[in-house]
2 protein chains.
Amino acid sequence: MHMGVAERKERHKEDLKREILDAAKLLFTEKGLEATSIRAIAEKIEYSPATIYLYYKDKNEIVHALHSEGFKLLVSHFEVLNHISHPFERLKGMGRAYIQFALQNPDIYKLIFNMEEPLKHVANCFEEWDEGDRAFDILLKTVGECQKLDYFKDFATEQVSFVIWSTMHGLCTLRTTGHLSHVAAAKASDQDLDQLMSSIFETFVIILEKLKT
Amino acid sequence: MHMGVAERKERHKEDLKREILDAAKLLFTEKGLEATSIRAIAEKIEYSPATIYLYYKDKNEIVHALHSEGFKLLVSHFEVLNHISHPFERLKGMGRAYIQFALQNPDIYKLIFNMEEPLKHVANCFEEWDEGDRAFDILLKTVGECQKLDYFKDFATEQVSFVIWSTMHGLCTLRTTGHLSHVAAAKASDQDLDQLMSSIFETFVIILEKLKT
DNA sequence: GAAATATTATGAACAGTGTTCAGTAAAATT
DNA sequence: AATTTTACTGAACACTGTTCATAATATTTC
């Protein structure tokens, strides 16, 4: 017996899978990715560690589930911007949303973009990897619309999209891994860092704007 | 007793530290970062696991040593390009060298740029973190020289440098983590991927070139 | 040379990890 | 009420990084 038997049984019945995921997400963002153990997750939801394996085959499967959820969250950040009619303004919004997402969920961001394990899992499962492609499709579409308005018209849509993604991803990764703060001369507060990040982003936006013919 | 006592004693005496590092590097690039254990390193050099702790305080210290070495290697890739007089050509060469380094040493690249543990170690030690700053200084200097020749003249040197670093880093990270191959429609061979990477890089170069007034 | 000392290497252990599995408690069905 | 199905768990396995008392080896002193 572990503890608190009767109380929990009524609280949650079959959405244990959800609860495991929530606990994992919480611990991941709290303690970091590697520092979160199955045992810790089990303790948080007041179950035995072995129970978790009745709902998830692996630790990887939990990571993959969070991966999937995180991506949906990112895409939802993008979809909010659909009302912006001007494609370049929408593109700018996407950039800001991307940065915001990375700063607000640094561990989820790392989980999604800087780890290969979840991707391997996706590759093995032959699953669709929906969200990833969808996010990139949104970018492709937006860039394409920009090109109709004479933005970066001399370039292939795909290439420009990859450049944009690379820049945003590189910026966010440098930030979340701490490299930005190490190189930045001003080793000051996080707010200054975010300001630096913003100014780098704005510089990139201006660069893109200058490509308008 | 472990094995092979007499044989090794003559082979190496005090450069055991080097040998540990070489074994670690080999295993890291072979098996991956997390999958390499102290015990495996010990076995490779035919010593007891405990012996390693006589030469390195931590596993982190080993990682940090590899981090430092890897960075020196990258910087050396840059210094070869010093003979190129035209700064923008030199900048292009740096980009290509950066990509080449990332593709040839993907695990070292991840170690350097996608892990935060080594950076924390650096932060705690108050050590110089020489190489990192030096590499960025080289970039800053090159960008500055380009600006004297009317490349991206309307921009702050630091901001442009960060944008360039972000783009290169993002591209390499997307590649080494496998995201590029997942999104790329052609899920074909690695060579096609490298071609895609090159074309993205060339697109970025053209973008930078267009900023010349 | 032998004895005392300083160096270097190690086996065993500790606390932690992911994971499995036989066995138990509870619920559902007959 | 007896039986089957489901849900859960404790204990164990093989692994991880790390420490420490002990043993083997070099080095120095007499």
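These values consider heavy atoms only, across backbone and side chains, with no hydrogens, waters or symmetry-generated copies. Letters A, B, ... mirror the listed sequences (proteins, then strands); counts begin at 1.
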- Of A/Ala50 and A/Arg39, the one whose nearest nucleotide on DNA chain C sits closer to the 5' end is A/Arg39

- Hey, which sits more toward the 5' end of DNA chain C by its nearest nucleotide, A/Ala40 or B/Thr51? B/Thr51

- B/Phe201 and A/Phe162 aromatic centres sub-6.0 Å: no

Measure the distance from [atom1] on [X] to [atom2] on [N] and round it to the nearest whole Å.
X: A/Asn60; N: C/dG18; atom1: CG; atom2: C1'; value: 10 Å
X: B/Glu61; N: D/dT18; atom1: CD; atom2: P; value: 10 Å
X: B/Glu46; N: C/dT10; atom1: CD; atom2: P; value: 10 Å
X: B/Leu54; N: C/dG11; atom1: CG; atom2: P; value: 13 Å
X: A/Ile38; N: D/dA11; atom1: CD1; atom2: P; value: 20 Å
X: A/Tyr55; N: D/dC8; atom1: OH; atom2: C1'; value: 8 Å
X: B/Ile52; N: D/dG17; atom1: CD1; atom2: P; value: 9 Å
X: A/Tyr47; N: C/dT19; atom1: OH; atom2: C1'; value: 20 Å

- Message: With ring pair (Phe, Tyr, Trp, His ring centres under 6.0 Å) as the criterion, how do A/Tyr98 and A/Tyr109 come out once you've worked through the C-alpha distance, each side chain's angles and the decisive distance to 0.1 Å?
- Response: CA-CA 10 Å; A/Tyr98 195 92; A/Tyr109 187 84; 5.7 Å; yes

- Message: Can you tell me if B/Ser48 touches the phosphate of C/dA9, counting only side-chain N or O atoms and a distance under 4.0 Å to OP1 or OP2?
- Response: no

- Message: If you compare every side-chain N and O of B/Tyr53 against the phosphate oxygens of C/dA9 (OP1, OP2), does one of them come in below 4.0 Å?
- Response: no

- Hits for salt bridge (charged side-chain N to carboxylate O under 4.0 Å, His left out) against B/Asp22, two or more places apart or cross-chain, chain-then-number order -> B/Arg18

- Task: Would you give the length of the straight line joining atom CZ of A/Phe88 to atom OG1 of A/Thr142, rounded to the nearest 0.5 angstrom?
- Result: 11.5 Å

